[in-house]
Protein chains: 2
Amino acid sequence: MPAVAPHDRRPARVEDTVGTAQLTAVPEPKYWHLRSVLLRAIDSEFSTGQVIPNERDLAARFGVARATLRQALDQLELEGRLVRRRGIGTLVAAPRVGVPVSRREEGWPGGTREQVWQNIDCTSAPASEQLAKALGIQAGETVHTVRRVRVTQGQTVATESLHVPDATVAQVPAIRLSGAAAEGDDQARSLMRRLERLTVDGESRAVELGVAEAEEAALLQRPPGTPVLVVTTQYASAGRLAALGVSTYRADTCRLTFGETGLVEVTPVAAATPTATRTA
Amino acid sequence: MPAVAPHDRRPARVEDTVGTAQLTAVPEPKYWHLRSVLLRAIDSEFSTGQVIPNERDLAARFGVARATLRQALDQLELEGRLVRRRGIGTLVAAPRVGVPVSRREEGWPGGTREQVWQNIDCTSAPASEQLAKALGIQAGETVHTVRRVRVTQGQTVATESLHVPDATVAQVPAIRLSGAAAEGDDQARSLMRRLERLTVDGESRAVELGVAEAEEAALLQRPPGTPVLVVTTQYASAGRLAALGVSTYRADTCRLTFGETGLVEVTPVAAATPTATRTA
DNA sequence: CAGTGGTCTAGACCACCCC
DNA sequence: GGGTGGTCTAGACCACTGA
């Protein structure tokens with residue numbers, strides 16, 4: 001990687017590269033230019049999992065302050081191209097994992113399948129005003145909430161809270177599991193069994209960007225503030241809203257896939273953020 | 001907003017709030033604590049569009065360096081809660097707009113509808129290796145690319161590149177528009193008309209986080225590096241991949257909605273990033 | 001222990017906006 | 001102009017990792 005004279009505070013202009021001065025140029029920020037250089041470097045000279053030089057060395061090599069270099073690394077980390085590990089170093093990230101999002105993978109109601117979701121616990125409480133509004137019920141009505149995580153290739157990629165109004169499962173008889181234990185995981189399993197007896201006639205989803213708060217971040221094994229893709233799913237049964245799922249997927253490692261399991265592998269094209277692909 | 005003694009470099013611990021010292025506490029970073037405080041403030045004391053105090057004042061008020069305060073604002077901006085405008089100030093962002101994503105909104109093939117997409121131009125070129133792979137064709141084959149933007153409520157929320165192999169429309173006769181002009185917009189319109197004659201039997205999508213590069217960012221009226229939701233759509237016709245769409249939506253202002261236009265309004269619940277809702 | 005990334009400071013100059 | 005956010009610097013100390 002090229003070096004730059006230190007203490008050069010001129011904003012980088014495209015004329016620096018082109019000889020002829022086109023005065024139209026925009027003063028590209030240093031960190032953005034660094035990002036491009038580093039991106040080319042990790043694409044060509046490094047491979048997945050490899051450790052790149054440490055921040056102090058890189059900053060010195062490019063003749064910038066460490067903070068500036070970090071701004072470039074921040075971008076590349078947001079794009080899922082780098083992973084930074086405290087005490088270890090900065091690694092070239094693996095391509096994002098394609099994660100199918102559909103009712104089937106929810107393990108509900110089409111049978112449990114290969115256990116993509118792992119229950120953590122199950123709580124029952126009166127609905128907060130906000131939750132009640134989202135579920136279309138009265139505040140205070142009982143809602144069961146299953147908390148679970150999605151594990152792919154040994155890594156936790158998502159957490160989910162599945163909110164089920166008691167009214168949804170009231171008619172379905174409770175299910176006795178082996179022991180009489182009311183332990184979290186069993187409660188969750190029991191609730192899911194009851195849900196499987198419902199006929200779900202549709203679902204609609206919304207996806208947006210969010211950040212993981214403390215608890216969620218811990219489950220995802222990431223620091224707080226980690227960007228996540230928040231998927232909100234409404235499950236309809238008999239024309240009514242039967243349940244609401246709120247899932248948060250790690251944005252750095254996941255590509256969410258929808259629909260009829262495409263014909264060809266979904267390979268992103270060089271728009272915005274180019275990436276290679278892999279399917280879970 | 002409360003003030004803090006300046007030059008206090010102790011890491012904020014939860015014991016600061018709780019009297020009894022539970023030694024298990026984690027030293028929460030200042031910027032993360034600031035984020036929480038600011039979040040509460042903008043939720044309770046400010047309303048959409050309102051300008052919050054400038055960064056220098058806020059930093060002084062909280063007794064932190066401006067860079068630290070900015071770290072907190074960065075988070076809130078990523079969550080779509082704040083909008084920063086150079087020369088103006090920092091504003092409380094409007095709730096995210098619900099943007100329907102489906103074939104219908106693509107204006108294809110179900111008729112043009114209310115013009116949610118506006119063509120910019122149309123180019124034809126031999127496919128790059130990467131694009132060819134994504135389209136399942138040979139590199140070098142001709143591909144038509146329509147570039148367009150999606151405008152909602154007077155604001156550009158997305159850009160798209162729709163890649164159509166020439167083979168897809170080869171059988172469909174070209175369509176003459178009014179004049180003989182081969183201007184960009186007309187070319188695009190002509191291609192879209194031809195596409196409408198195809199029977200599309202399915203599509204599959206992928207959503208992931210990306211950042212907008214220079215050109216894209218300009219179209220979205222945002223600085224480079226802006227986080228975007230990248231939607232990759234495969235359109236199938238007669239069992240083959242007929243076209244590939246790559247759309248980038250502004251992550252700060254958009255909530256993507258899928259599926260059978262839900263029963264109730266999709267209202268996010270307080271997980272990860274809580275938000276109010278609005279539909280386009 | 002030495003080395004890494006994570007946080008934080010106290011300045012500085014810039015580009016942009018509106019008056 | 002004066003005020004705003006955007007960029008950048010040159011330090012510092014911390015928490016975590018692994019040998």
Side-chain angles (χ1 to χ4, degrees), chain A residues 4-13 24-35 38 50-60 62-78 82-93 217 221-226, chain B residues 4-13 25-35 38 50-60 62-78 82-93 217 221-226 252:
Chain A
V4 170
H7 295 251
D8 180 358
R9 302 195 76 287
R10 280 181 314 159
R13 298 180 178 275
T24 55
V26 179
E28 189 188 37
K30 276 189 185 178
Y31 78 88
W32 187 254
H33 180 246
L34 278 180
R35 170 193 165 277
L38 290 169
Q50 201 171 346
V51 181
I52 72 174
N54 72 58
E55 299 182 350
R56 289 165 180 86
D57 282 356
L58 282 177
F62 288 109
V64 299
R66 192 178 154 216
T68 303
L69 178 89
R70 277 182 61 81
Q71 233 180 317
L73 296 184
D74 285 345
Q75 284 282 341
L76 292 169
E77 193 180 27
L78 187 66
L82 293 177
V83 180
R84 292 196 272 192
R85 281 211 246 275
R86 192 194 285 229
I88 305 290
T90 302
L91 293 70
V92 176
Q221 300 164 309
R222 295 257 63 197
T226 299
Chain B
V4 171
H7 295 250
D8 180 357
R9 302 196 75 288
R10 280 182 313 160
R13 298 181 179 275
V26 179
E28 188 188 37
K30 277 189 184 177
Y31 78 89
W32 187 253
H33 181 245
L34 278 180
R35 170 192 165 276
L38 290 169
Q50 202 172 346
V51 182
I52 72 173
N54 72 59
E55 299 181 350
R56 289 166 180 86
D57 282 357
L58 282 177
F62 288 110
V64 300
R66 191 175 154 220
T68 303
L69 178 89
R70 277 183 62 82
Q71 232 180 319
L73 295 185
D74 285 345
Q75 285 281 341
L76 292 169
E77 193 181 27
L78 187 66
L82 292 178
V83 180
R84 292 197 272 192
R85 281 210 245 275
R86 193 197 287 234
I88 304 290
T90 302
L91 293 70
V92 176
Q221 301 164 309
R222 295 256 65 197
T226 300
D252 56 345

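Quantities reported herein were computed from a predicted structural model and do not represent experimental measurements. Chain A is the first sequence line, chain B the second, and so forth, proteins listed ahead of strands; every chain is numbered from 1.
Within the 4.0 Å cut-off from OP1 or OP2 of D/dC8, not a single side-chain nitrogen or oxygen of A/Y31 is found. Not one side-chain nitrogen or oxygen of A/R56 sits closer than 4.0 Å to the OP1 or OP2 atom of C/dT4. Remark: B/T90 is not in phosphate contact with D/dT4, judged by side-chain N or O atoms under 4.0 Å from OP1 or OP2. Taking 4.0 angstrom as the limit, B/N54 places none of its side-chain polar atoms (N or O) nearer than this to OP1 or OP2 of D/dG3. Phosphate contact (OP1/OP2 of C/dG6, side-chain N/O of A/R84, threshold under 4.0 Å): present. For the OP1/OP2 pair of C/dT9 and a distance below 4.0 Å, the side-chain nitrogens and oxygens of B/T68 include at least one atom meeting the criterion.
Of the candidates D/dT7, C/dT7, D/dC16, D/dT7 carries the atom nearest the A/P29 side chain, counting heavy atoms from C-beta on. Considering only side-chain atoms of B/R70, the nucleotide from C/dT9, D/dT7, C/dT4 that sits closest is D/dT7. Listed candidates were D/dC8, C/dA12, C/dG5. Nearest to the side chain of A/K30 is D/dC8. Closest to the side chain of A/Q71, from the set D/dT7, D/dT9, D/dG5, is D/dT7.
Taking atom CG of A/L91 as the reference point, atom P of D/dT17 lies 14 Å away to the nearest angstrom. The interatomic distance linking B/R66 (CZ) with D/dG5 (P) rounds to 7 Å, in whole Å. As a whole-Å value, the separation of A/I52 CD1 from C/dG3 C1' is 15 Å. Spacing between atom CD1 of A/I88 and atom C1' of C/dG6 amounts to 14 Å, rounded to whole angstrom units. In this entry the distance linking CG of A/L73 with P of C/dT4 reads 14 Å, nearest Å. Per the geometry, CD belonging to B/E55 stands 15 Å off C1' belonging to C/dA10, to the nearest Å. Residue A/L58 contributes atom CG, which lies 12 Å from atom C1' of C/dG5 at whole-angstrom precision. One atom, CG of A/D74, and another, C1' of C/dC8, lie 15 Å apart when rounded to the nearest Å.
Residues that satisfy the side chain to side chain contact (heavy atoms under 4.5 Å, CB included) test with B/R85, not counting sequence neighbours, are B/V83, B/I88, B/L91. Residues satisfying the side chain to side chain contact (heavy atoms under 4.5 Å, CB included) test with A/L78, not counting sequence neighbours, are A/P227, B/L209, B/V211, B/P227. A/D74 is linked by a salt bridge (charged side-chain N to carboxylate O under 4.0 Å, His left out) to A/R84, counting only residues two or more places apart in sequence or in another chain. Considering only residues two or more places apart in sequence or on other chains, A/R66 meets the salt bridge (charged side-chain N to carboxylate O under 4.0 Å, His left out) condition with A/E55. For B/R56, there are no salt bridge (charged side-chain N to carboxylate O under 4.0 Å, His left out) partners at least two apart in sequence or on another chain.
The end-to-end axis angle of the helix from C/dC1-D/dG18 to C/dC18-D/dG1, rounded to 10 degrees and based on five pairs per end, is 10°.
Side chain B/R86 to base D/dG3: no donor-acceptor pair is found below 3.5 Å.
The distance from the CG atom of A/L58 to the OG1 atom of A/T90 is 8.0 Å, given to the nearest 0.5 Å.
Both A/V51 and A/A67 lie close to DNA chain C; mapped to their nearest nucleotides by heavy-atom distance, the more 5′-ward contact belongs to A/V51.
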*Intermediate values then yes/no, side-chain contact (heavy atoms from CB on, under 4.5 Å), B/Q75 and B/W32*: CA-CA 9 Å; B/Q75 285 281 341; B/W32 187 253; 3.9 Å; yes
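B/R85 comes within 4.0 angstrom of sugar-phosphate atoms only, judged by non-hydrogen atoms across all strands, and of no base.
Side-chain atoms of A/L76 and A/R35, non-hydrogen and from C-beta on, do get closer than 4.5 Å to each other.
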